[in-house]
2 protein chains.
Amino acid sequence: MTPANLETGYRGPQVCAIVGITYRQLDYWARTDLLRPSLADARGSGTQRLYSYRDLLELKVIKQLLDAGLNLREARRAVDCLRRSGDDLATANLVLGVAGTVLTQSGEEIIDLLRGGQGVLNIVPLANVVGEIDAAIVALAPVDGPLEASAPPVVDEPLTPLRRAAGRG
Amino acid sequence: MTPANLETGYRGPQVCAIVGITYRQLDYWARTDLLRPSLADARGSGTQRLYSYRDLLELKVIKQLLDAGLNLREARRAVDCLRRSGDDLATANLVLGVAGTVLTQSGEEIIDLLRGGQGVLNIVPLANVVGEIDAAIVALAPVDGPLEASAPPVVDEPLTPLRRAAGRG
DNA sequence: TCGCGTAGTTACGCGCGTGTTATAAGGCTA
DNA sequence: TAGCCTTATAACACGCGCGTAACTACGCGA
């Protein structure tokens, strides 16, 4: 049993279930240095990668970018921008422009960027990412009791309207 | 000589020069029904496709989406949205969300969409598109005099900061 | 009508990003 | 420590979105 999630980290298949991606994607992204596990990398067959909670957020950002039709080159720029910034992600918007990537806090900055005439802007509301990751963790993690077998079947698109659970103390 | 541009339309290689794409892309997009010429389609080898000015705008939107890292599936949604709307494109923003595509006039609507928590938004400022297409036409079209040989070498990224020439009477 | 330039057609191949399957090897329980 | 289960690795293949090149055929001028 031994959850080994909230303190030790998240292993490959767990990450796939939480983020909503395939293991092939997670493996490919780790091999191509898009997102390698920050707690423990793989050291041969049989070993296990260990992802942190922050890794889950970045992976979810990548998945949302792919769902929006973007390629992994843009996803790489997104994670680079996320790594360069602090950890006040829950209220920010990640903006990918042709001239660079920015983290904005208010909508006014986005209006300014649009008026600047920089071309196409790809905007990721990070509050959604935090909320969906937290919801998936709560839904999939064995909390401590013996009721871990009754996990919701599909938590891919929760459709919850902006419920900020903040369930990560 | 016979310009045959502003009244008859634009042929394949001309379109590639104006929009900034390769002929292979233009051909592939026409064959896959992404954007077929609205004036005259190809009827076998040796014939010629004829694109309208509106086609140039939509092609430029596609190119900007590709430059932003999006795939042709999103570009298809973009042109579908552009065809369903009127022709007041110069002041609008094309917004591609995971739940649908919208044409917005003010930046306020984009703020509302971000607050709605719909996920990633891809925004195309259409004023840029109109301006760059017009500039490329002026730069590449033989205006009437014999000075058409002195065309600027590369007009791919003009870098002009929001110069709204509106040179299309 | 002949010839040539121009433009569309066809075939082959590539890189990206991933699905599928089989294989190998560590990790955890007994 | 024996054993199985889990997890990473490897090889192969596929569709997308083109590049490249050869081929074909219209169109226009002489």
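All values reported here derive from a predicted model rather than from experimental measurement. Chain naming here is simple, since letters A, B, ... match the order of the sequence lines and numbering starts at 1 in each.
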Checklist entry - Are B:Arg76 and B:Asp80 within salt-bridge range, i.e. N to O under 4.0 Å? => result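 Salt bridge absent between B:Arg76 and B:Asp80.
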[X] [atom1] - [N] [atom2] separation (whole Å):
{"X": "B:Arg11", "N": "C:dA7", "atom1": "CZ", "atom2": "P", "result": "5 Å"}
{"X": "A:Asp27", "N": "C:dG19", "atom1": "CG", "atom2": "C1'", "result": "13 Å"}
{"X": "B:Lys63", "N": "D:dC18", "atom1": "NZ", "atom2": "P", "result": "10 Å"}
{"X": "A:Asp41", "N": "D:dT7", "atom1": "CG", "atom2": "C1'", "result": "14 Å"}
{"X": "A:Leu26", "N": "D:dT9", "atom1": "CG", "atom2": "P", "result": "11 Å"}
{"X": "A:Arg31", "N": "D:dA11", "atom1": "CZ", "atom2": "C1'", "result": "12 Å"}
{"X": "A:Tyr10", "N": "D:dT6", "atom1": "OH", "atom2": "P", "result": "21 Å"}
{"X": "A:Leu50", "N": "D:dT6", "atom1": "CG", "atom2": "P", "result": "17 Å"}

Checklist entry - Between the main-chain N or O of B:Gly97 and the side-chain N or O of B:Arg77, is there a donor-acceptor pair closer than 3.5 Å? => result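 Answer holds: yes.
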Next on the checklist: Rounded to the nearest 0.5 Å, what separates atom CG in A:Leu113 from atom CG in A:Asn93?
Outcome noted: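 Between atom CG of A:Leu113 and atom CG of A:Asn93 there are 11.0 Å.
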Checklist entry - To the nearest 0.5 Å, what is the distance between OH (A:Tyr10) and CG (A:Leu50)? => result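 So the OH of A:Tyr10 and the CG of A:Leu50 are separated by 11.0 Å.
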Next on the checklist: So, OP1 or OP2 of C:dT18: does either fall under 4.0 Å of a side-chain N or O from A:Trp29?
Outcome noted: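 Answer yes for this pair, as a side-chain N or O of A:Trp29 is under 4.0 Å from OP1 or OP2.
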Next on the checklist: Taking only side-chain N and O atoms of B:Tyr28, does any of them lie within less than 4.0 angstrom of OP1 or OP2 on D:dC18?
Outcome noted: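 It does not, given that no N or O in the side chain of B:Tyr28 lies less than 4.0 Å from OP1 or OP2 of D:dC18.
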Next on the checklist: Using heavy-atom distances to pick each residue's nearest nucleotide on DNA chain C, tell me which of B:Ala42 and A:Leu66 is more 5'.
Outcome noted: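 Counting from the 5' end, the first nearest nucleotide belongs to B:Ala42.
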Checklist entry - Side-chain heavy atoms under 4.5 angstrom apart, residues restricted to Ile, Leu, Val, Met, Phe, Trp, Tyr: same cluster for A:Val102 and A:Leu57? => result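 They do not share one cluster, since no chain of ILVMFWY contacts under 4.5 Å joins A:Val102 to A:Leu57.
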Next on the checklist: I'd like to check the salt bridge (Lys or Arg N to Asp or Glu O under 4.0 Å) partners of B:Asp112; sequence neighbours left out, ordered by chain and number.
Outcome noted: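 With sequence neighbours excluded, B:Asp112 shows a salt bridge (Lys or Arg N to Asp or Glu O under 4.0 Å) to no residue whatsoever.
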Item to check | Per-nucleotide protein contact string for nucleotides 19-27 of chain D, where B marks a base within reach and S marks sugar-phosphate only (heavy atoms under 4.0 Å, - for neither) | outcome: BB---BBBS
Checklist entry - For A:Glu109, does the CD atom have more than 12 heavy-atom neighbours from other residues, nucleotides or ligands under 6.0 Å away? => result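 Correct, the count exceeds 12.
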Next on the checklist: Measuring from the side chain of A:Arg49 (C-beta onward, heavy atoms only), which nucleotide among D:dT9, C:dT9, D:dG17 has the closest atom?
Outcome noted: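 Of D:dT9, C:dT9, D:dG17, D:dT9 is nearest to the side chain of A:Arg49.
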